[in-house]
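Note sheet for the following structure.
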Amino acid sequence: MEIYKGKSILKGIAIGKVLFYQKEEQSVKREKIEDVELELERYRAASKEAVRQLREIYEKAVREVGEVNAAIFEVHAMMLEDGDYVDSIVNIIETQRVNAEFAVAAAGDNFSRMFAEMEDEYFRSRAADVKDISERVVGILCGRNGNSNIGEEPVIVVADDLAPSETVQMDKEKLLAFVTRYGSANSHTAILARTMDIPALIGVDIREEWNGKQAVIDGYEGIICLDPDEETLERARERQREDVEARDLLQQLRGKEDVTAGGRPIRLYANIASVKDVTSVLANDAAGIGLFRSEFLYLEAEDYPDEEAQFQAYKTVAENMAGKKVIVRTLDIGADKQVDYFHLEPEENPAMGYRAIRVCLDRPKVFRTQLRALLRASAYGNIAIMYPMIISVDEVRKIRKIVEDLKQELDENGISYGDVEQGIMIETPAAAVISDLLAQEVDFFSIGTNDLTQYTLAIDRQNMKLDSIYDAHHPAVLRMIQMTVENGHKHGCWVGICGELGADMTLTETFLKMGVDELSVSPSCILPLRKKIREFQF
Ligand code: PEP
Ligand code: MG
């Protein structure tokens, strides 16, 4: 039995087999071959397998995200069989007498470069698709399995690092826990683990030879135990049973109001990253959704999700929440959330760079598509729209003008929409300091303490070396929150907190006393927080 320590992201126990997850990117070597026919046969078999995998992914995606969102996988399967693409690979193998891996990678690069240089946006966005399908075939030829594919058995995923786009593609039913060498407690991968209610450890000295071993993850102690002895296994199982009992006990709080014993109400909403998370929102009896991180719709997709795909996603969430508030945050990409097909250039300081609302205001087509989908979906439930990374009144006015234009367009086409509240995230010191001015422009504020802490303290939330001084309790952060609540209320805005600090129960009393109207937290934190709130006497 071996024990390794790390930093825990979510308290909980997982018992299962380790899967050592390796990034798909690997350089492909050019090798001369003798038998051209054999190499062509290897290529054809790999291509056939790739088509089979894509058809399987398509079926799964139809079940999980609907036909419209799944269509891209069908397109990918068709692209693999495209005459020009196939001819190009065959030609490279035959004329250069090189290995199939190299031929597929080279053809993939050529086609993707050619698409990337085209005028038409549709063709330009095909560049990422060609790259993707070629990588899949190369992966099969090299004996690797598909993209973020973690197989059929439930596993503990062990990796150097995981990008949010990789995490979100993994099958949540099969994911028992994450263990990574890198990553910080405030990164989006960590936040996803909390949202999905999956134990996760970071900063662990992981090894490839752990692959296939039995392990116990103890999120209470922050340890991974490999080849556990019977006593450790029994203790872990006992702890899992206790967790289930504690959860069952909390279930008694379902249907109860979020109000202190002294009668002070507060709304407890949930944070989600995908349509599927609504199940746990309902299971944990949240009063609404306070933050739908809509960028994960983009991260899950291989190409820009079109208006229809987004409309279906927002409509599904709104309908499933049956009249309860659903606050959708508009696209917040950039920094650690990179989407290939956006082709964002590398930056010196990505957290302070071209991200979130800055990208949306700069790429009106992308922004308008999302807003139109949101407005249309608002006819089917209680949708509110929230804008990330705001720093000025001018930005808010520009956004509101776009929304007004879109509403007019919908009116002209006889398309209905609901009465949407519009709010902004307060996650920059600039927004907190001018919250009195911003409050006059919007209906609500939601304080994003993750970024507000990073920018107020000048501490990169992605940098694990700084985790110990990333102090969201710093008086500067708490004063910003207080100031925002006071300014919001003075001008008729309600104020919530949707950063991770909202779930910090050592501050619940402080937030209530400040007058915070809403806390939006991971679904699994709703019932423990309800318990805490109902115990306060004031
Ligand atoms: C925040 O910054 O607090 C927030 C909720 O947004 P995100 O964590 O997605 O950046
Ligand atoms: Mg943020």
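Counting convention: from 1, in listed order, for ligands and their atoms alike.
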So what's ligand 1 close to, N/O to N/O, under 3.5 Å?
unit_1: ligand 1; atom_1: 2 (O); unit_2: E427; atom_2: OE1; d: 3.0
unit_1: ligand 1; atom_1: 2 (O); unit_2: D451; atom_2: N; d: 3.0
unit_1: ligand 1; atom_1: 2 (O); unit_2: D451; atom_2: OD2; d: 3.1
unit_1: ligand 1; atom_1: 3 (O); unit_2: G448; atom_2: O; d: 3.3
unit_1: ligand 1; atom_1: 3 (O); unit_2: T449; atom_2: N; d: 3.1
unit_1: ligand 1; atom_1: 3 (O); unit_2: N450; atom_2: N; d: 2.7
unit_1: ligand 1; atom_1: 3 (O); unit_2: N450; atom_2: ND2; d: 3.2
unit_1: ligand 1; atom_1: 6 (O); unit_2: R329; atom_2: NH1; d: 2.9
unit_1: ligand 1; atom_1: 8 (O); unit_2: H188; atom_2: NE2; d: 3.3
unit_1: ligand 1; atom_1: 8 (O); unit_2: R293; atom_2: NH2; d: 2.9
unit_1: ligand 1; atom_1: 8 (O); unit_2: N450; atom_2: ND2; d: 2.8
unit_1: ligand 1; atom_1: 8 (O); unit_2: R461; atom_2: NH2; d: 2.9
unit_1: ligand 1; atom_1: 9 (O); unit_2: H188; atom_2: NE2; d: 2.8
unit_1: ligand 1; atom_1: 9 (O); unit_2: R293; atom_2: NE; d: 2.8
unit_1: ligand 1; atom_1: 9 (O); unit_2: R293; atom_2: NH2; d: 3.3
unit_1: ligand 1; atom_1: 9 (O); unit_2: R329; atom_2: NH1; d: 3.2
unit_1: ligand 1; atom_1: 9 (O); unit_2: R329; atom_2: NH2; d: 2.8
unit_1: ligand 1; atom_1: 10 (O); unit_2: H188; atom_2: NE2; d: 3.3
unit_1: ligand 1; atom_1: 10 (O); unit_2: D451; atom_2: OD2; d: 3.0
unit_1: ligand 1; atom_1: 10 (O); unit_2: R461; atom_2: NH1; d: 2.9

Can you confirm whether [X] sits close enough to [Y] that some side-chain heavy atom of one is under 4.5 Å from a side-chain heavy atom of the other?
| X | Y | result |
| --- | --- | --- |
| L331 | E295 | yes |
| M321 | N382 | no |
| T195 | F296 | no |

### Task
Would you tell me whether D243 and Q240 have side-chain atoms, one donor and one acceptor, within less than 3.5 Å of each other?
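Their side chains do not contain a donor-acceptor pair, so the 3.5 Å distance test is not met.
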### Message
Whether the Q370 and Y304 side chains hold a donor-acceptor pair (N or O, under 3.5 Å, no angle test) is what I'd like checked.
### Response
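Judged by distance alone, the side chains do not pair up.
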#### Entry: Whether over 12 other heavy atoms sit under 6.0 Å from D419 CG
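For D419, atom CG is not crowded (no more than 12 foreign heavy atoms under 6.0 Å).
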### Message
Does atom CZ (R264) have a neighbourhood of more than 12 heavy atoms from anything else shown, all under 6.0 Å?
### Response
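It does: R264 CZ has more than 12 such atoms within range.
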### Task
Only protein N/O/S atoms count here: give how many lie under 2.8 Å from the Mg ion (ligand 2).
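For the Mg ion (ligand 2), protein nitrogen, oxygen or sulfur atoms under 2.8 Å: 2.
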### Message
If you take the centroid of each ring, where Trp contributes its six-membered ring, are F178 and Y21 closer together than 6.0 Å?
### Response
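Centroid distance Y21-F178: not below 6.0 Å, so no.
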### Task
For the pair D258 and R267, find out whether any cationic side-chain nitrogen is under 4.0 Å from an anionic carboxylate oxygen.
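No, no charged N to carboxylate O under 4.0 Å.
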